[in-house]
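One structure is given here, and the rest of the page talks about it.
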Amino acid sequence: MHLSEEGDGADRLRLALFDAGLLLPTGVRGVYGRAGAFEDVVVAFDRLVDRLNKPLRTDVLRFPPMFPRAEYTCMSHVHNFPDLMGSVHSFTGGEREHRELVRKLQDGEDWTTELSPTEVMLLPATCYPLYPTARGDLPAGGRMVDLQSWVFRHEPSDDPTRLQAFRMHELVCLGTPEQALAHRDHWIEAGLELLRSLDLPVEAVVANDPFFGRGGRLSKATQREQALKYELVVPVTSAGKPTAVASSNLHLDAFSKTFEIRTDGGEPAHTSCVGFGLERVAMALFATHGLRPAAWPTAVRTRLDLD
Ligand code: ATP
Ligand code: ZN
């Protein structure tokens, strides 16, 4: 891949990944199959994050990519990112409604009007399921949690780094304001070091979430002003517009207020998280070092334990 070439870098990377058989198109933008060679890189990087994390006394938790609708509605996702949400619907009717469903499908009508919402939403961020389970008092010293899951975001795009379904490996801290801030700062440095050890030209930049609509403008500005979000960015599809391969967020007491999470001193806790976008890290490696891992620099292969 040569990022300086003419044309759209996102198109070129997507087509190159398809041609190399690393990603498989499904007909929906941002929803792709992954070949073994792509998965090997994802798994290898995931393992490196695990290893970094081991000395930090971290609880390991895994949740499915579904999130109870009742808890979803307590969070501000519906206010802040309505365009990204995914709601799971199913069929709950009887035989008569079923006949109608099949008829609409066969006649090319909108059959989805026969569906009703289930009690789950698709998970929009890997750390969400943690907070409702963490109600109550934290231990002294706070709590560190390692999570990894698939998430869904409705952001169809031709840019292969902007997927609708992808995995995030997150490290979350629940504790005092000082502990949450220290965790956030630790992981900016540890993340930079990790990505640089893979020969990726990475930088940390202040960023904002894509808050919806006109009301979202103020939230974006406040988030930037308070430097609550940092992204670790690498040129993947464009030299001038690098891609976030990881993000580090300080939530202050936003989640702990909703779910009544307190420090061991009984104060509202603060939380922070760092999330590595596993497919984006893999794509950054393919874009930087080439589409054949066997030909990557030895130091990178060794660091990833690819042999
Ligand atoms: P972006 O600014 O690129 O939309 P984000 O700020 O919304 O990303 P976060 O919510 O902080 O991202 O998610 C954590 C990490 O997940 C990001 O740093 C990125 O590596 C990855 N990620 C986010 N959105 C996508 C996506 N649509 N496809 C693939 N990976 C993604
Ligand atoms: Zn998070």
Side-chain angles (χ1 to χ4, degrees), residues 46-63 67 71 74-77 80 123-149 151 168-197 202-209 219 222-233 244-278 281:
D46 207 34
R47 220 172 24 216
L48 273 186
V49 178
D50 280 340
R51 245 182 259 158
L52 271 187
N53 208 8
K54 266 238 163 81
L56 301 175
R57 310 179 287 106
T58 302
D59 291 341
V60 177
L61 295 178
R62 293 292 179 263
F63 290 92
F67 189 53
E71 279 158 4
C74 297
M75 307 183 94
S76 49
H77 196 265
N80 292 332
L123 187 62
T126 295
C127 63
Y128 276 21
L130 168 66
Y131 307 111
T133 68
R135 288 173 203 274
D137 295 339
L138 293 167
R143 198 175 152 206
M144 224 69 98
V145 185
D146 171 305
L147 301 126
Q148 201 260 59
S149 69
V151 298
M168 260 189 224
H169 193 149
E170 283 209 32
L171 306 156
V172 183
C173 169
L174 309 105
T176 61
E178 296 74 26
Q179 286 161 348
L181 180 63
H183 173 84
R184 200 277 304 265
D185 290 345
H186 166 80
W187 274 103
I188 294 173
E189 288 311 315
L192 284 172
E193 211 175 290
L194 172 62
L195 294 159
R196 281 184 185 140
S197 76
V202 60
E203 264 190 299
V205 296
V206 172
N208 62 264
D209 285 313
S219 307
T222 310
Q223 196 181 26
R224 277 183 175 271
E225 251 163 49
Q226 300 183 15
L228 296 179
K229 180 179 177 103
Y230 281 85
E231 287 179 343
L232 306 187
V233 300
V245 297
S247 316
S248 193
N249 292 289
L250 189 56
H251 316 123
L252 306 175
D253 61 3
F255 292 122
S256 54
K257 257 196 189 150
T258 305
F259 295 106
E260 294 174 357
I261 307 166
R262 293 177 298 270
T263 64
D264 69 321
E267 300 293 319
H270 277 209
T271 63
S272 63
C273 69
V274 60
F276 291 92
L278 297 181
V281 170

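Sequence positions, counted from 1, serve as the residue numbers for this chain.
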Do you know which two heavy atoms are closest between [X] and [Y], and how far apart they sit?
X	Y	value
Val172	Cys273	CG2-CB, 3.8 Å
Lys229	Asn249	CG-OD1, 3.1 Å
Leu174	Ala134	CD2-CB, 4.1 Å
Glu170	Ala125	OE2-C, 4.4 Å
Gln148	Leu278	NE2-CD1, 3.7 Å
Asp146	His169	OD2-NE2, 2.9 Å

Nearest-0.5 Å distance, [atom1] of residue [X] to [atom2] of residue [Y]:
X	Y	atom1	atom2	answer
Asn208	Arg224	CG	CZ	4.5 Å
Leu52	Arg47	CG	CZ	13.0 Å
Glu203	Glu231	CD	CD	12.0 Å
Ser219	Asp209	OG	CG	9.5 Å

Is there a side-chain contact between [X] and [Y] (heavy atoms, below 4.5 Å)?
X	Y	value
Phe259	Thr271	no
Cys127	Leu147	yes
Leu194	Val49	yes
Val233	Val245	no
Leu171	His183	yes
Ser149	Val151	yes

Under 3.5 Å donor-acceptor, [X] side chain and [Y] backbone:
X	Y	value
Arg262	Ser256	no
Arg196	Val202	yes
Ser272	Leu250	no
His251	Ala180	no

Let's go through Ile261 and Tyr131 carefully: what are the C-alpha distance in whole Å and the side-chain angles of both, what is the deciding distance for side chain to side chain contact (heavy atoms under 4.5 Å, CB included) to 0.1 Å, and is it a yes or a no?
CA-CA 8 Å; Ile261 307 166; Tyr131 307 111; 4.2 Å; yes
What do you reckon, are the aromatic ring centroids of Phe255 and Tyr128 less than 6.0 Å apart?
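Close enough - the centres of the two rings lie under 6.0 Å apart.
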If you measure only the distance, is there a donor-acceptor pair under 3.5 Å linking the side chains of Asn53 and Thr58?
yes
Looking only at side chains, do Thr263 and Thr176 share a donor and an acceptor under 3.5 Å apart?
no
Could you go step by step and tell me if Ser247 and Leu232 meet the side chain to side chain contact (heavy atoms under 4.5 Å, CB included) rule?
CA-CA 6 Å; Ser247 316; Leu232 306 187; over 6 Å; no
Evaluate Thr126 against Phe63 for side chain to side chain contact (heavy atoms under 4.5 Å, CB included), listing each step before the verdict.
CA-CA 8 Å; Thr126 295; Phe63 290 92; over 6 Å; no
Is a salt bridge present between Asp46 and Arg51, judged by a nitrogen-to-oxygen distance below 4.0 Å?
no
What residues form a ring pair (Phe, Tyr, Trp, His ring centres under 6.0 Å) with Tyr230, not counting sequence neighbours?
none
Determine, step by step, whether Thr222 and Leu228 satisfy the side chain to side chain contact (heavy atoms under 4.5 Å, CB included) criterion, reporting the C-alpha distance in whole Å, the side-chain angles of both residues, the deciding distance to 0.1 Å, and the verdict.
CA-CA 9 Å; Thr222 310; Leu228 296 179; 5.9 Å; no
